[in-house]
K.L.:
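Quick one: this structure, given as structure tokens, is what I'll be asking you about.
Every heavy atom of this structure was used, including side-chain atoms; hydrogens, water molecules and symmetry mates were not.
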Amino acid sequence: MTKQQLTFLSFTFFTAGAFAQPFVSLHGKALDPQRAGIPAAAISLQSRNGSARFSTTADDTGRYVFEHVTPGAYILETQAAGFGIEAVALELIRDTERDIVLPVAALQTQMVVTASGTAQTTDEVSKALTVVDASDTNLRGEFALTDALRDVPGLRIERQGGPGALTSIRVRGMRIQDTSVLVDGFRVRDAAAPQGDASGFLSDMTMTDTDHVEVLRGAGSSQYGTNAMAGVINVVTAEGGGRTRGSLLMEGGSLAQFRGRATMAGGIGEKLGYTAGVTHINVLDGIDGDDPSRTTGVQGRVDYRFSPTARLYGRLFVTDAFGKLKSSPYADGNTVVLSADNPDNTRAARVISGAMALSLKGLTFSYQGLRTERRFGDGPAGSGYQPTGSTNSWYDGEVHTVGARGDWRIGRHQSVNAGYEFESENFNNRSTGPDFTGVASVDVTQRSHNVYLQDQVSLLDGRLQFAASWRGQWFTLRQPTLFPNTDAPYNGLTFAAPPSAQTGDGSAAYTLRRSGTKFRGHVGRGYRAPSLYERFGTYYGAFGYSTYGDPRLRPDRSLAFDAGVDQVFGRRARVSASYFYTWLQQVIVFDFSGAINPTVDPYGRFGGYRNTNGGLARGMELSGSFSVTRSLTVNTAYTYTNAIERTPLVENVLRTFIVPLHQASVTVTQRFGPRLTAFFSFVGSSDYLAPVYDPNSFSSRSFSFAGIRRAQAGASYRLPMGEFKAIRIGGKVDNLFTQNYTESGFRTPGATATGGIQFEF
């Protein structure tokens, strides 16, 4: 036999061995607590390493079947309207029958990926993680992502006005730029934002075609890179597969507000699954009759399964928003002059994100293209200081990310994943206005290389969990371009790339199954790379360049620790308690206090961005979910946060701004039979401090503001029209107690009401 024949024969046997694997099947029923079948239950099966995922819909008896499954470790998740979500870990080595009993809605176990980047059940997670299910937020009529998260422990949500106003999230007393926002595990951030984070378009993100949102509290930089110092918010889009289904919702109400949402999902055969959704919010009047805003969100997803071990995923995420802006509040003596109408001050913003991933036997190759656009315009009308004519500013950012990752199971007790990411980001800023002629612009590009590694160990039949991860990031920088280039501060100079960043993370959990008690601990380092604006930000006006950025800036760095206990009382209650401590070791601040000396600064700056000491944030989170009866559920949360600065940022105030010491929430849901559901929710906090600009002293001053005490109540009635079709009528009243309060000097709406109708099929 020739050498060529031997080579061909060897290749033939190898190929046959690779593709002629033995397959197994999984079947069973989705059952209610009385063990009756649940028709149309949504069921998914995902391998631990993410290379294989199957979705189906139960038949009219609750039965489901998965065929041609490669043996291995999986998570089986089942959910249905009116019930909770149940996720179980399975080791499939032969044909298996497994019935799933769905719990009441308050006590659910789900499949999550954010804590470790791999599929886990919530019972296996060794970090502080909260899951917000879209079915709960839809019941409460929450369209905005930030509204859906307002009762998560450890989160402080601030919205500076009515619908469409700037909204920020602070996790565990940290800054808004310390939280990383993801969509299906991909970072979504604005490279043109002052801190290079997602805060510039958080108010535009809607619950369009969302399955659930996972909120990780604690350091996540070793998993997700820059900005994940305080935590991670991962928006997980809905999956397709199974029968064709969808909904059409139309609502209207106070503030001349009209809202609509349309979704559709389904599959073609066993290989293709798809989902799509669009949301539109249009506010004609707003708080004072002259605050119009509109927001449109589009989400779509396609999953194609070539084989049991090969899958292609594609996703589109788009937001488009426009609105009028209020003038900023300012200090007049010891009084705060609240935000006022500014009729020619506008904001337009758009985010376009497309992602795709190919999974092959534990290997995943991915790409995301992300473009962000923000447009600001202002004219001479309005109170306070106004420009003499029309001004316009454009902030455009692009981020392209390419990645490769491998996931391997080592025996039954250990899994390892490792990967590489290449990211290129570009910041482009242009401005025009009456104070100067022509156009001024900044254009700068930065690239980074990321390597990461994680090891997970599960012992004692899953009762003991360990996880450790590491990430290294290295940067390269292209020369910035400024126009006009006459006297441009950074042209002709050579700059070093930001320092490399290496972060580590470790967590552990131990479960006492007999008592339903889990102890967990988590420690990790966090970092945030200096944004391109912080390094090269400028303003060009009638007096030439004002230079804000410092190319020499070092990254923000932090060290975080938390420990907690989770206790389950059968199927009746689940309570959690966590202690957290975060040390901001080094931060970047915007400072015009005189700390920057123009005679010493190499760019002649009077103020701008600089490195300084950080601060401390420590406290406690308590939460509970209770099934009081089969039809009554209660969810509660309380957070105590003591956050202070090591160096005062305003006056001599050490307490961290915008963060109240105490915050609590409660949500009560009552089902009156299978058709009528009512809910009541409340969020309250203690008073807090906020900085307000004083035009007389050209500096900010500290003022105390009353905390939020916001109640909401509503009801929903579902009228079946067939096996799958139904009409749902619902409405709610927000700010039920008509609290008249402001957020850091920005006026917010009084009591408002919305109502509408939804068709389901």
K.L.:
Are side-chain heavy atoms of Thr752 and Asn735 found at a separation under 4.5 Å?
P.N.:
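The answer is no; the side chains never approach within 4.5 Å.
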K.L.:
Examine Arg710 relative to Phe682 and say whether NZ or CZ is less than 6.0 Å from the centre of the six-membered ring and inside a 45° cone about the ring axis.
P.N.:
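Verdict for Phe682: no cation-pi partner in Arg710.
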K.L.:
For Thr636 and Phe626, which heavy atoms make the closest approach, and how far apart are they?
P.N.:
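Taking Thr636 first and Phe626 second, the nearest heavy atoms are OG1-CE1, 3.9 Å.
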K.L.:
Report the C-alpha separation of Lys326 and Asp291 in whole Å, then their side-chain angles, then the decisive distance to 0.1 Å, and conclude whether the salt bridge (Lys or Arg N to Asp or Glu O under 4.0 Å) test is met.
P.N.:
CA-CA 8 Å; Lys326 294 285 193 182; Asp291 292 327; 3.2 Å; yes
K.L.:
Would you call the rings of Tyr533 and Phe427 parallel, tilted or perpendicular, where under 30° means parallel and over 60° means perpendicular?
P.N.:
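The rings of Tyr533 and Phe427 stand perpendicular, inter-plane angle above 60°.
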K.L.:
Show your working on side-chain contact (heavy atoms from CB on, under 4.5 Å) between Phe143 and Leu249 and close with a plain yes or no.
P.N.:
CA-CA 11 Å; Phe143 271 54; Leu249 169 66; 3.6 Å; yes
K.L.:
I'd like to know if Arg172 pairs up with Asp178 as an ion pair, taking the criterion as any Lys NZ or Arg NE/NH1/NH2 lying under 4.0 Å from an Asp or Glu carboxylate oxygen.
P.N.:
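Answer for the salt bridge query: no.
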K.L.:
Would you name the heavy atoms of Asp285 and Ala256 that are closest together and state the gap between them?
P.N.:
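Scanning both residues completely, I find the closest heavy atoms to be OD2-CB, 3.4 Å.
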K.L.:
Tell me whether the rings of Phe376 and Tyr395 are parallel (<30°), tilted (30 to 60°) or perpendicular (>60°).
P.N.:
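Taking Tyr395 first and then Phe376, their aromatic rings stand perpendicular (interplane angle over 60°).
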K.L.:
When you compare the side chain of Val171 with that of Ile169, does any pair of heavy atoms fall below 4.5 Å?
P.N.:
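With C-beta onward as the side chain, the pair touches.
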K.L.:
Looking only at heavy atoms, what is the nearest atom pair of Ala726 and Pro720, with distance?
P.N.:
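Ala726 and Pro720 have their closest heavy atoms at CB-CA, 3.9 Å.
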K.L.:
So if I apply the side chain to side chain contact (heavy atoms under 4.5 Å, CB included) rule between Arg217 and each of Val232, Leu155, Thr639, Leu129, which one comes out positive?
P.N.:
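The passing option is Leu155.
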K.L.:
For the residue pair Leu145 and Met207, establish whether any side-chain heavy-atom pair is separated by less than 4.5 Å.
P.N.:
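Contact flag for Leu145/Met207 side chains = yes.
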K.L.:
Picking from Leu182, Asn227, Val181, what satisfies side chain to side chain contact (heavy atoms under 4.5 Å, CB included) with Arg189?
P.N.:
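It is Asn227; the other options fail the test.
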K.L.:
Does the distance from a Lys or Arg side-chain N to an Asp or Glu carboxylate O, for Glu760 and Arg718, drop under 4.0 Å?
P.N.:
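Salt bridge flag = yes for Arg718 with Glu760.
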K.L.:
Ion pair present between Lys732 and Asp734, side-chain N to carboxylate O less than 4.0 angstrom?
P.N.:
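Salt bridge: no.
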K.L.:
Kindly indicate, with the supporting measurements, whether the criterion side-chain contact (heavy atoms from CB on, under 4.5 Å) is fulfilled by Asp211 and Thr237.
P.N.:
CA-CA 5 Å; Asp211 182 81; Thr237 57; over 6 Å; no
K.L.:
Name the orientation class of the two ring planes belonging to His662 and Tyr640 (parallel below 30°, tilted from 30 to 60°, perpendicular beyond 60°).
P.N.:
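Ring orientation, 0 to 90° scale: tilted.
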K.L.:
After noting the C-alpha distance and the side-chain angles of Val236 and Thr210, does the key distance pass the side-chain contact (heavy atoms from CB on, under 4.5 Å) rule?
P.N.:
CA-CA 6 Å; Val236 181; Thr210 303; 5.9 Å; no
K.L.:
Would you mind checking if Glu743 and Arg156 are paired as a salt bridge, meaning a charged N to carboxylate O distance below 4.0 Å?
P.N.:
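Judged by the 4.0 Å cut-off on N to carboxylate O distance, Arg156 and Glu743 do form a salt bridge.
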K.L.:
Between the side chains of Arg347 and Asp204, is the shortest nitrogen-to-carboxylate-oxygen separation below 4.0 Å, so that they form an ion pair?
P.N.:
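Between Arg347 and Asp204 there is a salt bridge, with a charged N closer than 4.0 Å to a carboxylate O.
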K.L.:
Is Arg371 salt-bridged to Asp396, going by a charged N under 4.0 Å from an acidic O?
P.N.:
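Yes.
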K.L.:
Taking the side chain as C-beta and beyond, is there a heavy-atom pair between Tyr741 and Thr748 under 4.5 Å?
P.N.:
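Of all side-chain heavy-atom pairs linking Thr748 with Tyr741, at least one is under 4.5 Å.
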K.L.:
Hey, does the side chain of Thr372 reach the backbone of Asp190 with a donor-acceptor pair shorter than 3.5 angstrom?
P.N.:
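No; judged by distance alone, with no hydrogens or angles, the pair does not exist.
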K.L.:
Could you tell me whether the side chains of Thr206 and Thr208 share a donor-acceptor contact shorter than 3.5 Å?
P.N.:
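The answer is yes; a qualifying pair exists.
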K.L.:
For Arg150, is there an ion pair with Glu158 - N to carboxylate O distance below 4.0 angstrom?
P.N.:
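The answer is no: the pair does not qualify as a salt bridge.
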K.L.:
Should Asp344 and Lys324 count as an ion pair when the cut-off is N to O under 4.0 Å?
P.N.:
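Between Lys324 and Asp344 there is no salt bridge, as every charged N stays at least 4.0 Å from the carboxylate O atoms.
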K.L.:
Between Val113 and Glu214, is any pair of side-chain heavy atoms under 4.5 Å apart?
P.N.:
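Contact flag for Val113/Glu214 side chains = yes.
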